[in-house]
Each structure stands twice: as structure tokens, then as C-alpha cells.
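Indexing begins at 1, ligand by ligand and atom by atom, following the structure's order. Keep in mind it's a predicted model, so treat the numbers as computed, not measured. We're numbering straight along the sequence, starting at 1.
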Amino acid sequence: MENHPFHYDIDVAAAGVVHFEDFIDSSFYLIEGADKALLIDTGCGGGNVRRLASAFTDKPLELAVTHAHGDHDAHAAEFDKVYMHRADILQLEEMQARFRVPEEERLHASLFTPLEDGSVIDMGDYVVRTLALPGHTVGSVLFVDEGHKVVFTGDAVGSGVGVWMQLPGCSTVSQYKADLLRLLTALYPYREYLFLGGHFRQAGQPGTPQYNPVCFRMVEDMVRLCDQMLSGRFQDELYDSDKSFGDERAHIASFGTAQMVYLPSRVR
Ligand SMILES: [Zn+2]
Ligand SMILES: [Zn+2]
């Protein structure tokens with residue numbers, strides 16, 4: 001990361017939610033409760049992200065990571081307290097080896113405080129709730145911020161241009177559908193919240209035909225898309241050949257607001 005650009009775009013995504021965007025459009029967010037501040041993900045830009053985020057709060061700062069991909073957790077070692085779902089902690093070593101993370105940038109499992117589906121992070125005056133959605137990684141989660149009425153979705157349902165399910169270690173479509181159905185029930189009380197994805201800019205510009213922000217409806221559409229894929233009747237195209245990450249060529253399927261990049265051999 002030393003040679004990565006130290007350039008961040010910073011704005012306010014919602015009242016009380018600071019939004020940082022790094023040089024590859026990885027998004028991370030700072031929220032503050034009565035007792036502490038919490039950064040959701042770190043991006044993978046240059047410099048020290050803990051120091052960058054600390055400038056926006058005087059509360060003790062902790063980190064919650066949506067999943068163990070380098071574009072979301074690259075700066076985790078700068079923090080004393082780091083939350084991540086247990087399943088991604090267990091997979092960490094294997095994933096870092098697979099993505100050829102340089103030895104000196106690898107994270108150790110001992111750094112992380114494990115979360116489960118339903119775990120809460122107590123901010124003092126409200127809680128941040130963890131909702132698991134395995135698929136993109138085995139330990140992918142959404143964080144529900146009940147104080148600011150925001151759901152941080154990481155890469156669990158994509159950020160508006162398709163959830164990446166073509167990577168090694170991703171669920172099959174049929175397993176993903178089962179987990180989406182469980183998530184829908186847990187997420188229903190928060191359906192009117194603002195949803196913020198792990199790559200904010202991928203949703204496009206408001207007012208353009210491509211604009212597709214993450215929302216509760218996208219999760220519902222994703223279930224319908226899985227149904228269509230499992231029944232064999234769905235809209236499908238070949239995906240960029242350099243983003244297949246293996247021998248099999250990835251495809252992209254879509255329904256409504258939902259899109260999925262996947263491998264045809266990993267539907268069932
Ligand atoms: Zn990811
Ligand atoms: Zn990502």
C-alpha cells in the first residue's frame with residue numbers, strides 16, 4: 001500500500017455519517033456514538049487511514065470490517081479493536097494467499113474480534129447490528145446502524161453493478177438464495193433505512209438511467225434473480241474476461257435492480 005495514492009474524497013453520506021472514497025472507489029464510513037466512533041471498512045489507499053478517520057472524531061475509534069477482502073480491510077492492523085465475522089477470520093490466511101497479498105501486508109487472525117450473525121456493537125446510545133449474508137465471502141456481513149438509520153452492505157449484494165460471486169470461495173447460487181431469504185426476514189424492519197455499499201460510486205449518478213443505488217428492493221430482486229437462474233430462464237451475458245479469476249469464464253445475470261457476476265458451473 002506504500003505506493004498507493006494518498007488521495008481520498010470525503011463527504012457526508014447522511015447526517016452523522018462521514019463517507020471516504022479511495023483511489024479505486026472502495027468506500028468506507030465513519031459513525032459516532034456516545035461512547036465510541038466506528039469505522040466501517042478501510043479501503044486500500046495510501047497513508048494511515050486510522051489517522052485520517054481520527055481527524056473527524058474525538059471518541060475512541062474502532063473498526064468493523066464487512067469482509068476479508070483487501071479493498072476493505074487493508075488498514076486493519078492500524079487499529080486496536082477490529083471486528084469481523086468469524087467465518088472470514090477462519091478463512092483469512094487462505095484468502096490472503098489466494099489473492100497473493102504481499103507477506104508484509106498480511107493480517108493475522110489474532111487481530112480480529114469475531115462477530116456472528118446478530119452480534120451487536122454497543123455504541124453507548126445505540127447499537128450497530130451484524131446481519132450475516134454469506135455468498136461473496138463466507139463471512140460477509142451487513143452492519144445496521146440503528147442510530148443513523150443506515151445499513152452498510154459492503155460487497156454482500158454488490159454496490160449497484162453486480163455482486164461478485166465468480167471468485168474462488170463464493171457460494172453457489174442455490175446456497176446464496178437460501179441465505180438471502182434468511183437475511184430478508186432480519187432486514188425487513190430496516191427496509192426504509194439508507195443503504196450504503198462498499199463501492200459507493202458504482203451505483204452511478206442520480207438522474208442517469210444507470211443510477212442503481214443499493215436498497216432493500218435490491219435484496220428482494222436478488223432472490224428473484226436466484227430463482228430465475230435456478231429455473232434456467234434469465235437474462236445473461238459474458239462478463240469481462242480479465243475479471244473471471246480462474247479458467248472458467250464469468251457471466252453476468254440481471255433482474256430488476258439486482259445483478260450477479262457468476263460462474264455457470266456454480267449455480268447449483
Ligand atoms: Zn469483496
Ligand atoms: Zn470490494
Side-chain angles (χ1 to χ4, degrees), residues 1 4-5 8-9 13 19-30 39-46 49 63-76 82-101 105-107 112 115 130-143 151-173 175-176 179-180 183 195-204 212-214 218-219 222 239-240 242-246 250 252 258-263 266:
M1 287 172 297
H4 287 182
Y8 294 90
D9 289 328
H19 162 217
F20 303 82
E21 195 84 12
D22 75 8
F23 73 111
I24 60 156
D25 291 353
S26 287
S27 311
F28 49 104
Y29 304 93
L30 179 73
L39 194 68
I40 311 287
D41 288 344
T42 70
C44 59
V49 162
L63 172 66
V65 174
T66 57
H67 65 295
H69 279 162
D71 54 331
H72 300 260
D73 69 4
H75 291 270
V82 186
Y83 305 92
M84 189 162 71
H85 191 280
R86 182 184 301 278
D88 268 11
I89 298 175
L90 293 172
Q91 289 281 314
L92 190 61
E93 223 172 293
E94 194 184 324
M95 280 197 273
Q96 293 183 121
R98 201 186 280 147
F99 288 108
R100 297 194 178 82
V101 176
E105 291 179 12
R106 290 201 186 177
L107 301 167
F112 295 91
L115 297 171
T130 308
L131 300 181
L133 177 60
H136 176 68
T137 67
V138 284
S140 283
V141 302
L142 291 72
F143 289 116
V151 181
F152 300 100
T153 56
D155 289 349
V157 291
S159 289
V161 291
V163 55
W164 274 22
M165 297 287 285
Q166 83 278 31
L167 308 173
C170 289
S171 301
T172 61
V173 173
Q175 184 59 53
Y176 187 50
D179 288 315
L180 277 164
L183 174 75
F195 285 52
L196 293 171
H199 300 274
F200 184 85
R201 286 183 183 147
Q202 290 181 0
N212 190 28
V214 184
M218 189 178 280
V219 183
M222 197 69 79
Y239 194 60
D240 296 2
D242 58 336
K243 291 176 183 161
S244 294
F245 297 98
I252 182 163
Q259 292 185 312
M260 187 193 303
V261 179
Y262 74 103
L263 301 175
R266 299 279 296 159

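Summary: OD2 is the N/O/S atom of D71 found nearest to the Zn ion (ligand 2). The Zn ion (ligand 2) lies closest to atom NE2 when only the N/O/S atoms of H72 are considered. The minimum distance between the Zn ion (ligand 1) and any N, O or S atom of D155 involves atom OD2.
No donor-acceptor pair closer than 3.5 Å links the side chain of H67 to the backbone N or O of H72. No donor-acceptor pair closer than 3.5 Å links the side chain of R201 to the backbone N or O of E21. Side-chain atoms of Y8 come within 3.5 Å of backbone atoms of G46 as a donor-acceptor pair (strictly under, hydrogens ignored). Of the possible polar contacts, one joining the D22 side chain to the I24 backbone as a donor-acceptor pair under 3.5 Å is found.
At the Zn ion (ligand 1), the angle from NE2 in H67 to ND1 in H69 is 100° when rounded to 10°.
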